[in-house]
Amino acid sequence: MARVVLEQVTKEYPGGVVAAADVNLDVADGEFVVLVGPSGCGKSTTLRMVAGLESITHGSVSIGGRIVNDIEPRDRDIAMVFQSYALYPHMSVRDNMAFGLKLRGMPRSEIATRVSDAAKVLGIGELLERKPRALSGGQRQRVALGRAIVRDPAVFLFDEPLSNLDAKMRVQMRTEISRLHHHLKATMIYVTHDQVEAMTMGQRIVVMEGGKVQQVDTPLNLYAKPVNRFVAGFIGSPAMNFLEGEIVQDGGLAFRSGNALVPLPEGWSPPRHDEPAVLGFRPEHVDLVSTGGFAAPVQVLEPLGNETLLYTEIGETPVTVRAPGMIEAAVDDQVHLTLRRDDIHLFDLATGAALTA
Ligand SMILES: Nc1ncnc2c1ncn2[C@@H]1O[C@H](COP(=O)(O)OP(=O)(O)OP(=O)(O)O)[C@@H](O)[C@H]1O
Ligand SMILES: [Mg+2]
């Protein structure tokens, strides 16, 4: 098992594309860290530099206290699981799992023990003699995991391993990988563009954008205390609402956005900030009230049973409200809304940085 440290790791591809810029990250021994961000933000590039599949332009990567910049992938004590399972089609599940160990010259009895142990952990004991084409997507993904597990590596690296599975299977494999982490207690770095996957699996999450790390934090801190507008908008679904405007004193404290005036809750202390700002609030942090608050027109209603999503607008900015259970409102009604004092975010309009009181 091993700690993984990235120091100012940068990757510049020929042609000047900086895919990762000054990435700093300290993954503790046995930790499960998720890299998340939109397509092209540099997640795979960062992971591949840890794996040794991509050269490092500058900065350093260390695994278990050893700088590995110039060490071959096969000597880094890592195992990688990709989106494409890359199983050998002509080999049985057993041989697919054993192949890497055979290449390394491991004794047959040791290989047999490892393969059967891993198969047991993954619940694929009955499939060992089958060929990959006779397996479902989820089963193939388990074989790919098994091939990594038998190696008993210090670090597991995953690059979107569940992307080819259907929604239900993804949820199932998500919990299986979390369980596997608990069981193996290995260091794991997991790449996904799916923020739900990140939030549910990661002990800590690295949010990336444009090759840069935006925030490294626990799931709950990312949700409650995003450091900037990008993180605030990326984490959480439906996404946080943003109104651009300014804080004004109009009877009480309010936020003016376009022609709308949103009263801010009593007792909320605004950060000192005289520039145009962005007010952020999550759909689940808006309350429907019978009177008072501010009025907004219902444009679309999505009753989901356990909750209702209500789409409205404030000063021409679309706003989503997430109300628990079913609500009594119809399209074109006016609803009255209030914000919660402890769940309001404010960002600088120009830089997007979070402003705190
Ligand atoms: N071999 C390459 N040569 C030049 N540019 C590359 C190369 N590989 C990746 N890039 C660029 O580097 C950036 C980061 O790519 P990367 O594959 O790391 O993104 P990603 O976050 O994994 O995205 P996705 O979610 O789509 O997999 C992108 O702009 C991409 O076009
Ligand atoms: Mg990728």
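Computed over heavy atoms, backbone and side chain alike; hydrogens, waters and symmetry mates excluded. Counting starts at 1 for both ligands and their atoms, following the listed order.
The main-chain N or O of Gln83 is found under 3.5 Å from a side-chain atom of Asn164 such that the two form a donor-acceptor pair. Side-chain atoms of Asp159 do not come within 3.5 Å of backbone N or O of Val191 as any donor-acceptor pair. Put simply, the side chain of Gln139 gets close to the backbone of Ser136: a donor and an acceptor are under 3.5 Å apart. When atom types are taken as modelled, the side chain of Lys43 and the backbone of Pro38 share a donor-acceptor pair closer than 3.5 angstrom. In this structure, Thr187 contributes its side chain and Gly30 its backbone to a donor-acceptor pair below 3.5 Å.
Taking a 4.0 Å cut-off on heavy atoms, Gly40 registers as neighbouring ligand 1.
Considering backbone and side-chain N/O atoms, Gly42 comes within less than 3.5 Å of an N/O atom of ligand 1. Looking at His193 next to ligand 1, no N or O pair under 3.5 Å apart turns up. Below 3.5 Å of separation, one finds no N or O of Pro14 facing any N or O of ligand 1. Polar contact check, Thr46 against ligand 1: no nitrogen or oxygen pair lies under 3.5 Å apart.
Remark: atom 7 (C) of ligand 1 lies closer than 4.0 Å to at least one protein heavy atom. Of the protein's heavy atoms, none falls inside 4.0 Å of atom 31 (O) of ligand 1.
The Mg ion (ligand 2) lies under 2.8 Å from an N, O or S atom belonging to Ser44.
Scanning the protein heavy atoms around atom 5 (N) of ligand 1, the nearest turns out to be Tyr13 CD1, 3.3 Å. Considering only non-hydrogen protein atoms, atom 17 (O) of ligand 1 sits nearest to Ser44 CB, 3.8 Å. Protein heavy atom closest to atom 25 (O) of ligand 1, with residue, atom name and distance, is Lys43 NZ, 2.8 Å. Looking from atom 11 (C) of ligand 1 to the surrounding protein, the closest heavy atom is Val17 CG1, 3.9 Å. The closest protein non-hydrogen atom to atom 26 (O) of ligand 1 is Ser39 OG, 2.5 Å. What sits closest to atom 12 (O) of ligand 1 on the protein, heavy atoms only, is Ala19 CB, 3.2 Å. When hydrogens are left out, the protein atom nearest atom 16 (P) of ligand 1 is Thr45 OG1, 3.5 Å; that is the closest non-hydrogen contact.
Just one residue in the list Arg94, Met97, Lys102 forms a side chain to side chain contact (heavy atoms under 4.5 Å, CB included) with Ile111, and that residue is Lys102.
When all heavy atoms of Gln172 and Arg142 are compared, the pair lying nearest together is NE2-NH2, 3.3 Å. The two residues Val23 and Gly211 come nearest to each other via the heavy atoms CG2-O, 4.0 Å. Pairing each heavy atom of Val289 with each of Gly292, the nearest pair is CG2-O, 4.0 Å.
Within ligand 1, counting atoms from 1 as listed, the ones closer than 4.0 Å to a heavy atom of Glu160 are 25 (O).
Asp194 has a carboxylate O that lies under 4.0 Å from a charged side-chain N of Arg170, or vice versa, which qualifies the two as a salt bridge.
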